[in-house]
Structure formats: structure tokens, C-alpha cells
Amino acid sequence: MNFSKLILSFVLSATLFAQVSLAQIASTEALLGNSAPSSSKDKLFQMTSREDVAKKFEEMGVDPKIIEARIASMSDAEATEIAHKIDTLPAGADAGMSIIGAIVFIFIVLLVTDLLGVTKVFNFTKSIVN
Amino acid sequence: MTAALFFLGGCSSKNPLPLNNNTSSVKLDVPFVAPRSELCASSSIAMVSSYWQVKAQVLPRLTLEELDSRTLIPQKGGTLQIELMAAARANGFLVYQLEPNIDALVAELSVGHPVIVLVNRSFSWAPLWHYAPVTGYDAQMQTVLSHFADEANEAVPLATFEAIWERSQKWGVVLLPPGKIPATATPRKFLSCVYELEKSGMLQEALLSYKAASTRWPENVEILFALGNAYYGLHQLNKAEEMYRKILFLDAVNPLALNNLADISLHKGKLEEAESLLNQAKTDDVAIEAILNATRQEIEKARVSPIKYISF
């Protein structure tokens, strides 16, 4: 479907096989308790998370050339968290208040003043005072 | 009277900045990058990185453009915390998330570590998330200094800072050059952070940090083990062995150290020694038992058909 995605799948499957076939020393991962997933089902799940992140990043306008590097620098847990919560996670930005934010803010202020009976801006409000 | 007290309570911080020591005000010399729309995460990393470039002669690995392209999600108009940390690591820095309180922030600033914080400039129901490097504080004025927006080292009243910081659950990270340890670090958490660096392929950088940690916490078995593994990963088997032996000096039946020593013996073709090392290991942990068994099988395999092991 997409070239970067293809590369990503290839890299991930390569690491999957590497992990299976190499008899290793006890790793620092084993010590830290967040040990590598034992079943291949878990591994597949984590690969899917990374693919999900790649897809969402592409939808959200991230430059496809850099998606692979960005995902590669995340840990499995981080990739899973992003895959599940990207819509609700905070994203720090520079701008002060945006125009839309300001409009919403003014709307709510006027709504409250309407409800308090100080103003009568909207047709649908009924003052709760008197 | 009560109303007045309540009002005062709202305006002054419950937890004032410390006045009583010789670090009652700190102002770190962090280079300033003017705000660029939506790129505060990238700018914050750049500012702190160039601070360390001057202080500790570390060369950042990425350019500002590369940092920009690694942090921004255009449709969200900003940067996720995870990606700020990942990009900072890719830039060659160790990233350590602080305990969520003002004391940790002050402690790091006092030893010359700038802190990148996430704040919500607005209300929780209409959030305006923003990253900024905190560059110091002034306990006399009860202000926090940061490169918040258009002005370098802008002084924000402590109460205001705490209010907007509270909304991100007081999220803050230090970016440190390899080999430096946060003032507020605990050994286990620091170890995890170094391991993140190691996993991202920066073996030499990780080694420096493990070494520093083993100097700061010389009797910590976990750090010695991670340091040993880092040496192993860099094919310095003698150094690795030395670290695993140090662990046995502190904990004679440590299964992980014994397993890895057995592995090294196996690679050297000393099968008897490997087996006797494994037999000294004691563990109740099923996962560790599985690792020991895997090594046992390797030894058996080597017995049946001796393989020429790669010499390191």
C-alpha cells in the first residue's frame, strides 16, 4: 500500500525472527521486568500497534519519509500507548489561544451570562434567575 | 476576613520556593529560540541541547529541521510527550521524567539542569498545551523563569506557574548528556532511562551513563548487571565478566549474573565451568528459571556437537 509501511513491516518481521532464533544472555530487559513478549501473539500485537501508529501518523499529515524513524525511536509500550490514545493525548503547541478557541470561549461566557439573566443574546436560552 | 484569607490562599503558593539556602535564585544560561508556530517541543529540545553543547561539549545529533520533522503532528498542531522524549533521545540525550512536584524541579535547576515542562495555558475544558524550558527561579520574588514565549527567562509568578503546570499532572523532563545523572534520580528509574537509550542504538552513550551510575551507586546489583550487559553488547567480554563477578561478591547466588557468566564460559569452550556456575544460581522466578534452562540446553548442545564459537 505504502512504501514506508512495507519497509516497516519488513524490519519488524526481521527483528521478530532474530529474537526467536538467537539464544541470548539474560538481558537487561529480563531484569527490568518489562521483558520481551513471550508469545508470538504478543509480538504480532505490538507490530500491529506500530502499524496503527504509522497509519494514524499518515492520516494526520506526518511526512511519510520520517514516519519510520519516528516509530523506530519509540519503545513497544510507547507505540502501544500512542496507537490507543493518539486522539486524547495532549499535544503541546506554541500558539496562544486560537480563533476557534476564542469563539468557543466567548460563546460559553455569553451562554453563562444569558443563563444568569445578565444578557439575552441567544434565542434558545432561558434565564435561571427569575 | 474569611473571604480575604480564602482569596490570599488562592493567590499564593502552598509550597513556596526555598529561600533559606545559597541557591535561593537560579538562572541558567539557556540559549533562547523565539517561538515558531506549533513547534514548541522542537524548540524546547533545541534550546536545552544547545545549553549542553556549551556546558558539556556534547554535539546534538539532529538539526533543528530534523527535530521539527520528528516532533510535529500537523493535524494535532503539536507534539506528543512520548515523541518529545523519543526525539530528544534521538538527539543523543538521556531523558528522565521528574517526580511531579516543584521540589524535584527546584532540585534539578539548582544543579544546573534545565527542565522542559508541559503546561496547559488555558482551562482543562479548553486546553492550550504548551512546552517550555524552565531556566531558573527566584525565591525572593517567588517566580519561575522560563523561555515561555517571546521573552527569554520570562518571570512567571509561582502560583500561576503551579496552576498551569498542575493541569499536565506536573509533567517535566530533564535532557542530560550521557554520563550525567539527574539530582533527583532513583537507581531503578535511571536504569530504565539509560536502557531506552541503549535500545535506540546508542551503545557508547548508554555505557557512559551506566558507568556514571555505577560510580554513584557502587553497590547496586542491577546497575552492575546492566553495565556488564552493555560491555557484552560491545563485545568487551573481559569487562563484562568483571562486572558480573562484582555482582557475585555482593550476591553470591544471583541467577542473572551466574547465567551470563556461564554463557561467557560456554563461549570460551569451558563447559564444566559453565555448568558449575549455573548450578550455583538460586531463583523462584519462572521467567529467570526459563533463562537458566535455555543456557543449560545450550551447554548440552555444545557437549553433543562442539561448535566453533565466535571469538569476541
Side-chain angles (χ1 to χ4, degrees), chain A residues 15 22-36 38 53 56-83 85-98 100-109, chain B residues 35-41 43-44 66 69-70 72-87 89-90 118-122 126-131 149 168 188 191-192 195-196 198-200 222 225-226 229-230 232 255-256 259-260 263-264 287-288 291 294-295 297-298:
Chain A
T15 52
L22 268 180
Q24 269 294 353
I25 55 162
S27 66
T28 307
E29 195 107 32
L31 168 85
L32 292 171
N34 46 355
S35 58
S38 45
V53 176
K56 288 213 167 115
F57 272 9
E58 218 174 325
E59 281 166 18
M60 292 185 152
V62 176
D63 181 0
K65 282 183 295 218
I66 197 79
I67 289 179
E68 199 190 327
R70 278 169 75 155
I71 294 176
S73 60
M74 292 171 200
S75 69
D76 291 333
E78 288 173 342
T80 308
E81 191 182 345
I82 291 186
K85 298 198 219 147
I86 191 163
D87 296 321
T88 51
L89 286 173
D94 245 326
M97 185 176 252
S98 67
I100 292 173
I103 290 169
V104 169
F105 186 79
I106 291 166
F107 169 75
I108 289 172
V109 168
Chain B
R36 299 166 302 143
S37 170
E38 302 184 330
L39 292 167
C40 59
S43 299
S44 296
E66 285 169 318
S69 70
R70 270 175 172 268
L72 182 66
I73 298 178
Q75 221 174 79
K76 282 189 84 96
T79 300
L80 306 176
Q81 289 142 289
I82 289 173
E83 286 218 285
L84 184 146
M85 295 194 279
R89 271 199 300 268
L118 175 68
V119 296
N120 176 0
R121 301 164 68 161
S122 179
L128 286 174
W129 298 107
H130 181 54
Y131 295 107
S168 75
R188 172 48 90 96
L191 196 60
S192 309
Y195 187 55
E196 288 296 329
E198 184 181 348
K199 271 198 299 186
S200 70
E222 297 189 335
F225 181 69
N229 282 355
Y232 189 105
L256 294 174
N259 178 79
N260 291 6
D263 178 274
I264 292 176
I288 295 176
I291 294 172
T295 311
Q297 280 172 17
E298 286 294 304

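A, B, ... follow the sequence lines: proteins, then strands. Residue 1 opens every chain.
- To the nearest 0.5 Å, atom CG of residue B:L80 and atom CD1 of residue A:I86 are 5.5 Å apart.
- Shortest non-hydrogen contact noted between A:A30 and B:I291 is CB-CD1, 3.8 Å.
- Using a 4.5 Å cut-off between heavy atoms, B:I288 makes no contact with chain A at all.
- The parts of A:V62 that come within reach of chain B are both its backbone and its side chain, each placing non-hydrogen atoms under 4.5 angstrom from that chain.
- With a 4.5 angstrom heavy-atom cutoff, A:E81 touches chain B only via side-chain atoms.
- No side-chain donor-acceptor contact under 3.5 Å links B:R89 to the backbone of A:M74.
- Closest approach of A:P90 and B:W129 over heavy atoms only: CB-CE2, 3.2 Å.
- Proximity to chain B involves both the backbone and the side chain of A:L89, based on heavy atoms less than 4.5 angstrom apart.
- Across all non-hydrogen atoms, the minimal contact from B:G78 to A:A93 is CA-CB, 4.2 Å.
- With a 4.5 Å cut-off on non-hydrogen atoms, B:T79 touches chain A through its backbone and its side chain both.
- Of the atoms belonging to B:E222, heavy atoms from both backbone and side chain fall under 4.5 Å from chain A.
- If you measure heavy-atom distances from B:L118 to chain A, the contacts under 4.5 Å come from the side chain alone.
- For the atom pair B:S69 OG and A:D63 CG, the distance stands at 7.0 Å (nearest 0.5 Å).
- Side-chain atoms of B:R188 and A:L32, non-hydrogen and from C-beta on, do get closer than 4.5 Å to each other.
- Remark: side-chain polar atoms of B:E196 are not paired, donor with acceptor, to backbone N or O of A:S75 under 3.5 angstrom.
- Atoms CZ and NZ, from A:F57 and B:K76 in turn, are 10.0 Å apart once rounded to the nearest 0.5 Å.
- In this structure, A:L31 and B:L191 have side chains that are in contact, with non-hydrogen atoms separated by less than 4.5 Å.
- With hydrogens and angles disregarded, no donor-acceptor distance shorter than 3.5 Å links the side chain of B:H130 to the backbone of A:G92.
- At a 4.5 Å heavy-atom cutoff, B:P127 makes no contact with chain A through either its backbone or its side chain.
- In this structure, B:K199 does not pair ionically with A:E78, as no charged nitrogen and carboxylate oxygen lie closer than 4.0 Å.
- Closest approach of B:F225 and A:A26 over heavy atoms only: CZ-O, 3.3 Å.
- By the 4.5 Å heavy-atom criterion applied to side chains, A:R70 and B:I73 are counted as neighbours.
- Of the two parts of B:R70, the backbone and the side chain both hold a non-hydrogen atom closer than 4.5 Å to a non-hydrogen atom of chain A.
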